[in-house]
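Step one of this worksheet: look at the structure below.
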Amino acid sequence: MNDQVVKKVVIAGGGTAGWIVAAALSRQLGPLIDITLVESDDIGTVGVGESTIPTHRTFHHLLGIDEREFMRATQATFKLGISFEGWGEIGDHYFHSFGMVGKSTWMADFHHIWLQAREMGLAGELGDYCLELKAAQAGKFATSEKSQINFAYHLDAGVYAGFLRKLAEAYGTKRIEGLIETVEQDGETGNITTLVLRSGERIDGDLFIDCTGFRAMLIGKTLNTGFEDWTQWLPTDRALAVQTESTGPALPYTRAIAHDAGWRWRIPLQHRVGNGLVYCGENLSDDEARARLLAELDSEPLTEPRLIRYRTGRRDNIWVKNCVSIGLSSGFVEPLESTSIHLIQIHAMRLVQMFPFHGISEALSRRYNHLARIELEQIRDFIVLHYKLTERTDSVFWRDRAAMPIPDSLRNRIELFRDTGLIHQEKSELFQVDSWLQVMMGQRLQPQGRHHLGRLMSTEQMQIALNGLRANVARGVDRMPLHQDFLNSYLGEPVGA
């Protein structure tokens, strides 16, 4: 263990990652540490993540962020899930909502009863028993302090970084404008000691956070930390992003629309729509992708399409010596399930919990790396699931996805569900039973077995229970206003003007 007291924290890079980390550390540990963030206006940011997951709300709660203030500042809308179009077969459509499906018991999850009822001709569609899913389909939304609805946000990622910057600076974070020219290390320990800017200014620190994006200036170029490549499972390696005008009410969900070499997204904000085309460069050229994206837009573009190249995978370790990499410098899965901002937030808050006040400890960094590794591999498996379960045969890209070998951890999950209807879930896992269920059933994976809890119920008991659940969902949706109307009333009209 290095006994040097850790007081001076230096964050290399701003953008979404840098300012999330700065906001978390300054808000929670501000009086105990000195935080300096170095960024340059000359370096563009990826602006990662315009679509989030429900854990975003927990992060905001911990930072004391007012929801209305945040939503007004970032032109945010509400999100109930993702609409997957054309993933199983061309023409298929299913929702991965953020809601719970039905009502489970200690003995078995709800879908086991539903499978029995479906065999008996008593059940409706699986989605009929999920409030968030039915509300999304109806384009409705409402929430209040007493509401149990589970939701996330769509937001303007570039503006969000600026919003967090104000919060972080209010809690003591110091921002320095400048390009990082070189990184100096201690000759004996290899620890990073100083960032040297192009201006000649020197920024010394005890702990360095690498938020330099795909450049990975500290964790990669300086510390030469290895990278585990996941392109054998997730071969998309680029995305084109463009913003368009809003032409109608904002819907409370993200669209993920499959095409023959990947998929495209549509994310509605208050003032515009975010669009993108994710693809594999081996199957589609950049020029073809650009032409396809522009041809499929629903409205006039407000910006020129921006190309983002990436490689899926993760660093062997994201905490090395006195450097912690957070954000794209630590690895990237791909944007399909909107996990990028979540991973930044969870790594930042874990650093708050595991901050090395008494010096850099190898035991501490090993634990941090272990948790991060498990987390990212579980997310990886969930995203690979979407590709592996395809039944599309219209292109080389999709035929290869269906035929590819997959990690044993995912293969075991698929086989377990196929054979028994059981869904395995670790205690701290991000995507829980209802998420796995909606994607597996949505992409035509039908279990051959199930728990026989349903056979303990009479036909009348089963019918009453299912009718009650479905009626409760329908009543809940009926009481909700349209999402756009709720936005207008919640944030104050006119929204999106």
Side-chain angles (χ1 to χ4, degrees), residues 54 80-84 87-88 92-138 140 142 146-151 253 382 385-386 389 391 410-480:
L80 290 169
I82 304 173
S83 168
F84 285 94
W87 283 78
D92 279 2
H93 180 201
Y94 73 91
F95 264 95
H96 168 207
S97 76
F98 295 140
M100 293 180 60
V101 181
K103 188 175 181 179
S104 298
T105 73
W106 70 268
M107 191 183 301
D109 292 312
F110 170 79
H111 64 272
H112 293 276
I113 299 173
W114 177 81
L115 288 166
Q116 177 71 36
R118 185 180 64 170
E119 185 177 282
M120 299 167 63
L122 303 177
E125 295 294 323
L126 186 63
D128 290 348
Y129 308 96
C130 178
L131 176 65
E132 288 83 352
L133 191 151
K134 297 305 289 184
Q137 288 180 329
K140 291 187 169 187
K146 296 181 180 180
S147 173
Q148 297 298 310
I149 194 167
N150 204 22
F151 63 90
Y253 56 86
F382 187 63
L385 175 77
H386 298 65
L389 293 186
E391 295 183 4
L410 176 58
R411 179 175 53 80
N412 291 338
R413 284 182 188 261
I414 291 175
E415 290 178 354
L416 180 68
F417 182 72
R418 183 196 63 205
D419 295 347
T420 70
L422 294 172
I423 299 175
H424 170 69
Q425 177 191 312
E426 297 291 347
K427 183 178 179 180
S428 60
E429 196 164 355
L430 176 61
F431 293 107
Q432 301 187 4
V433 167
D434 296 287
S435 291
W436 285 86
L437 174 67
Q438 290 176 84
V439 175
M440 289 192 290
M441 294 292 292
Q443 294 198 208
R444 301 167 175 259
L445 181 62
Q446 296 292 326
Q448 298 170 7
R450 60 175 178 269
H451 194 285
H452 284 185
L453 170 64
R455 297 178 63 180
L456 299 175
M457 304 171 67
S458 68
T459 300
E460 183 180 9
Q461 288 174 323
M462 186 175 289
Q463 190 73 79
I464 290 173
L466 291 175
N467 286 350
L469 288 169
R470 185 160 51 178
N472 285 339
V473 168
R475 280 194 298 270
V477 174
D478 286 343
R479 287 194 294 263
M480 290 183 184

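Worth saying up front: this structure is predicted, and the values here are computed from it rather than measured.
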Please answer whether the main-chain N or O of [Y] pairs with a side-chain N or O of [X] as donor and acceptor at a distance below 3.5 Å.
{"X": "D92", "Y": "W87", "result": "no"}
{"X": "R418", "Y": "L445", "result": "no"}
{"X": "E132", "Y": "F98", "result": "no"}
{"X": "S104", "Y": "F110", "result": "yes"}

Which pair of non-hydrogen atoms, one from [X] and one from [Y], has the smallest distance, and what is that distance?
{"X": "S97", "Y": "C130", "value": "OG-SG, 3.2 Å"}
{"X": "L469", "Y": "Y129", "value": "CB-CD2, 3.9 Å"}
{"X": "G88", "Y": "R444", "value": "C-NE, 4.4 Å"}
{"X": "P447", "Y": "G421", "value": "CB-CA, 3.7 Å"}
{"X": "M462", "Y": "M120", "value": "SD-SD, 4.0 Å"}
{"X": "A135", "Y": "V477", "value": "N-CG2, 3.8 Å"}

Worksheet item: Tell me the salt bridge (charged side-chain N to carboxylate O under 4.0 Å, His left out) pairs involving residues 108-128, sequence neighbours left out?
Response: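 Of all non-adjacent pairs touching residues 108-128, those that pass salt bridge (charged side-chain N to carboxylate O under 4.0 Å, His left out) are E119-R450, D128-K134, D128-R470.
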Once rounded to the nearest 0.5 Å, what's the spacing between atom [atom1] of [X] and atom [atom2] of [Y]?
{"X": "L80", "Y": "Y253", "atom1": "CG", "atom2": "OH", "value": "10.5 Å"}
{"X": "Q432", "Y": "L430", "atom1": "CD", "atom2": "CG", "value": "8.0 Å"}
{"X": "H451", "Y": "H112", "atom1": "NE2", "atom2": "NE2", "value": "7.5 Å"}
{"X": "M440", "Y": "L385", "atom1": "CE", "atom2": "CG", "value": "6.5 Å"}
{"X": "W114", "Y": "L437", "atom1": "CH2", "atom2": "CG", "value": "8.0 Å"}
{"X": "M480", "Y": "L131", "atom1": "CE", "atom2": "CG", "value": "4.0 Å"}

Discussion item. Take a 6.0 Å sphere around CD of E415 and say whether it holds more than 12 heavy atoms from other residues, nucleotides or ligands.
Written reply: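 Count over threshold, so yes.
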Worksheet item: Would you say E460 has more than 12 foreign heavy atoms packed within less than 6.0 Å of its CD?
Response: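 Check fails, neighbour count at 12 or below.
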Worksheet item: Do L133 and V473 come close enough that some side-chain heavy atom pair is under 4.5 Å?
Response: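 L133 does not reach V473 side chain to side chain.
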Item to complete: Begin with the C-alpha distance, continue with both residues' side-chain angles, and end with the deciding distance and a verdict on side chain to side chain contact (heavy atoms under 4.5 Å, CB included) for W436 and Q425.
Response: CA-CA 9 Å; W436 285 86; Q425 177 191 312; over 6 Å; no
Worksheet item: Using the ring of each side chain (for Trp, its six-membered ring), is H386 parallel, tilted or perpendicular to F382, with breaks at 30° and 60°?
Response: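 Because their plane-to-plane angle is over 60°, the rings of H386 and F382 count as perpendicular.
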Worksheet item: What residues, two or more places apart in sequence or in another chain, satisfy salt bridge (Lys or Arg N to Asp or Glu O under 4.0 Å) together with R455?
Response: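 Salt bridge (Lys or Arg N to Asp or Glu O under 4.0 Å) list for R455, sorted by chain: empty.
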Worksheet entry | side-chain hydrogen bond (donor to acceptor under 3.5 Å, both in side chains) evaluation trace for Y94 with Q438 | CA-CA 8 Å; Y94 73 91; Q438 290 176 84; over 6 Å; no
